[in-house]
2 protein chains.
Amino acid sequence: MQPVTTSASLTTQVTDMLRAAVTSGEMRPGEHYSAIGLAEKLGVSRTPVREALQLLEKEGIVRIEKNRGVRVIQMSLDEIVQIFQIRIILEPPAAARGAEAATDEDLAHIQELHGKILEAAAAGDGTQTLQADKEFHLFLLSLAGNARLTALDRELRNLVLTRGLVTIPTSRSGQDLADDRRDIIDALLRRDSAAVAQAVREHVTRTAKLLITGVSSTTPGLSAEEYLRKIDQLARHCS
Amino acid sequence: MQPVTTSASLTTQVTDMLRAAVTSGEMRPGEHYSAIGLAEKLGVSRTPVREALQLLEKEGIVRIEKNRGVRVIQMSLDEIVQIFQIRIILEPPAAARGAEAATDEDLAHIQELHGKILEAAAAGDGTQTLQADKEFHLFLLSLAGNARLTALDRELRNLVLTRGLVTIPTSRSGQDLADDRRDIIDALLRRDSAAVAQAVREHVTRTAKLLITGVSSTTPGLSAEEYLRKIDQLARHCS
DNA sequence: TGGTCACCGGTTGCATGCTACTCATGAGGG
DNA sequence: CCCTCATGAGTAGCATGCAACCGGTGACCA
């Protein structure tokens, strides 16, 4: 039904391309880039690139250094912790509400999405698995009927991806995460919203811990302990 | 110690000015504006205005209509509810954690900020009251040590301001809100984090209800009931 | 009279020129 | 030998030119 999708504005396209370049690892954190260079590479003028970079800066993906160029932000462990602190607060209640509001078709669709995760995981396609996992969770959250919350969560997830791609898919941890999802689905099918909240909470917490230990292990001289402690520092105050 | 604060970029300044123009009511929701017109009015070229508008669009304050100009978004009651649903989930645990982490100086500063709210309220300066209230809450949240959460909350608050300026300051409700703040401070001084969470939760919930009934009363044929019900639809699932 | 279409004012979107700024390098002085 | 400072290469930031595009209005035709 789309009328050939009159191609979106260049600025928008460039934004997406650059974001993809970052999450795919093509543009590396800490590295320096110039708007003029990126413009040439993409075959457009500096203006849309510059505007795209400003938007990405607002997302927290890059930092613009006045008259110096742009730098992909090397997300610190501290910021990763902050993001997960937020996710651990937000996602459980949203998922629980989603469980209440879900129709039978929604539940069927969830199981379908779950199937796709398993397929991708079985095929050993890490990127695809991550993508499918994201869709699964975002669909669940969207059932709560709060579009802004869903969008917010999507952005938080994207941010982590810039650091997370490498570290997530170890086989052992992949199994744990799969078990978590199984728990979520079981609770969903029972329409036990409290159990859904609990399962989601554990799932996100586990993801956070995996990521943190992973990142800190590749950064010698950094103790994961301190950061692991912080993860549920906020969530435990949820009344 | 600041080296004369080399003035921020024009784009940034324009962004702030336009945002202020929206929240102050100078630019009205639903109204149509052109980048070229705004640029003339501000005495700058179209480029920084255009870039500022793109950033504001990302914040959700305006919508850019291709080749047509820009429109200040008329926030729907539904979106207001969504924003408060998020705030009611986020703020209580953050405030509670802040209560744990606060130093004695922090507590003193909080009381100072509280004093400023009372002053502004006594002087009958609505705008100033709102501003002081924002600072109070954001400072409390910042004590939790999660800068991203604080920034997020600031943005959510700004969004509501585009609709909220008019409706908040009725004398009766102002007193209720002041009482809430009193509760928050009492709990803070006792370092009773659970009570802080509870008090914040009630405060935000009350604010939401005031705003919703206010807005719906100025929009005839709209029942507030439906929206009021939704407010804590998510928060009640906080385990 | 009703409908279609061409035109036109107004706007954004992108490209590009120019200025001012930042940082690094290297020469010159102490 | 070290420190200082001038110079230059490279950059973002802003202004402006130009084309493509949208929507409305009025003329023209059936």
Side-chain angles (χ1 to χ4, degrees), chain A residues 1-22 27-74, chain B residues 1-22 27-74:
Chain A
M1 265 306 181
Q2 289 287 51
V4 194
T5 299
T6 171
S7 60
S9 75
L10 261 190
T11 299
T12 310
Q13 290 183 51
V14 171
T15 307
D16 291 341
M17 294 174 77
L18 292 179
R19 198 194 347 259
V22 171
M27 287 175 68
R28 292 216 317 277
E31 213 72 18
H32 224 100
Y33 301 90
S34 78
I36 190 169
L38 294 171
E40 281 175 10
K41 197 157 164 179
L42 296 176
V44 298
S45 85
R46 286 145 34 213
T47 306
V49 172
R50 169 182 160 70
E51 291 170 350
L53 288 173
Q54 289 182 337
L55 293 173
L56 292 178
E57 183 178 42
K58 196 172 185 69
E59 286 184 24
I61 292 180
V62 303
R63 191 177 61 222
I64 296 175
E65 301 177 353
K66 196 177 165 80
N67 292 320
R68 287 281 300 152
V70 68
R71 187 184 295 276
V72 178
I73 285 185
Q74 170 75 279
Chain B
M1 266 306 178
Q2 287 287 51
V4 194
T5 299
T6 169
S7 61
S9 74
L10 261 191
T11 299
T12 309
Q13 289 183 51
V14 171
T15 307
D16 291 340
M17 294 174 78
L18 292 179
R19 197 193 350 258
V22 171
M27 287 175 68
R28 291 214 318 275
E31 213 74 18
H32 225 99
Y33 300 90
S34 78
I36 190 169
L38 294 171
E40 280 175 11
K41 198 158 165 178
L42 296 176
V44 298
S45 85
R46 286 147 33 215
T47 306
V49 173
R50 167 182 162 72
E51 291 171 350
L53 289 174
Q54 288 181 339
L55 292 173
L56 292 178
E57 183 179 41
K58 195 172 185 67
E59 286 184 24
I61 293 179
V62 304
R63 191 176 62 222
I64 296 176
E65 303 177 352
K66 197 176 165 79
N67 292 319
R68 288 280 299 150
V70 68
R71 187 185 292 279
V72 178
I73 284 185
Q74 169 76 281

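Everything quoted here is computed from the prediction, not taken from an experiment. Letters A, B, ... are given to chains in the order of the sequence lines, protein chains preceding strands, and every chain is numbered from 1.
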Contact under 4.0 Å: B/Arg50 side-chain N or O vs C/dG13 OP1/OP2: yes

A/Arg46 side chain, from C-beta outward: closest of C/dT12, C/dT16, D/dT11: C/dT16

Heavy-atom pair with the smallest gap, counting every atom of B/Lys58 and A/Glu59: NZ-OE2, 2.7 Å

Donor-acceptor pair (no angle test) under 3.5 Å: A/Ser9 side chain, C/dT12 base: no

Close side-chain approach of B/Leu55 to B/Glu51, heavy-atom, < 4.5 Å: no

B/Pro48 side-chain proximity, nearest of C/dA15, D/dA15, C/dC23: D/dA15

Proximity to the side chain of A/Ile64 - top-ranked nucleotide from C/dT22, D/dG13, C/dG13: D/dG13

Atom pair distance, as rounded to whole Å: CD1 in B/Ile36 and C1' in D/dC21: 15 Å

Spacing between B/Glu51 atom CD and C/dT12 atom P, to the nearest angstrom: 14 Å

Side-chain N or O of A/Ser45 closer than 4.0 Å to phosphate OP1/OP2 of C/dC14: no

Heavy-atom check, side chain of B/Val72 versus side chain of B/Arg28, under 4.5 Å: no

Minimum-distance nucleotide (side-chain atoms of B/Val44 versus D/dC14, C/dC14, D/dA15): D/dA15

Listed nucleotide nearest any side-chain atom of A/Thr47, set D/dA12, C/dT16, C/dT12: C/dT16

Rounded interatomic separation in angstrom, taking CZ from A/Arg71 and P from C/dT22: 16 Å

Within-4.5 Å side-chain heavy-atom neighbours: B/Val14 and B/Leu38: no

B/Glu31 side chain near B/Arg71 side chain, heavy-atom distance below 4.5 Å: no

Interatomic distance where CD belongs to A/Glu65 and P belongs to D/dA12 [whole Å]: 10 Å

Separation of atom CZ in B/Arg63 from atom P in C/dT12, rounded to whole Å: 15 Å

Listed nucleotide nearest any side-chain atom of A/Ser34, set D/dA15, D/dT11, C/dT12: D/dT11

B/Lys66 NZ to D/dC22 P, straight-line distance once rounded to whole Å: 7 Å

Separation of C/dC8 P from B/Arg68 CZ (nearest whole Å): 19 Å

Proximity to the side chain of A/Ala35 - top-ranked nucleotide from C/dT12, D/dA15, D/dA12: D/dA12

B/Leu53 CG to C/dT12 C1', straight-line distance once rounded to whole Å: 11 Å

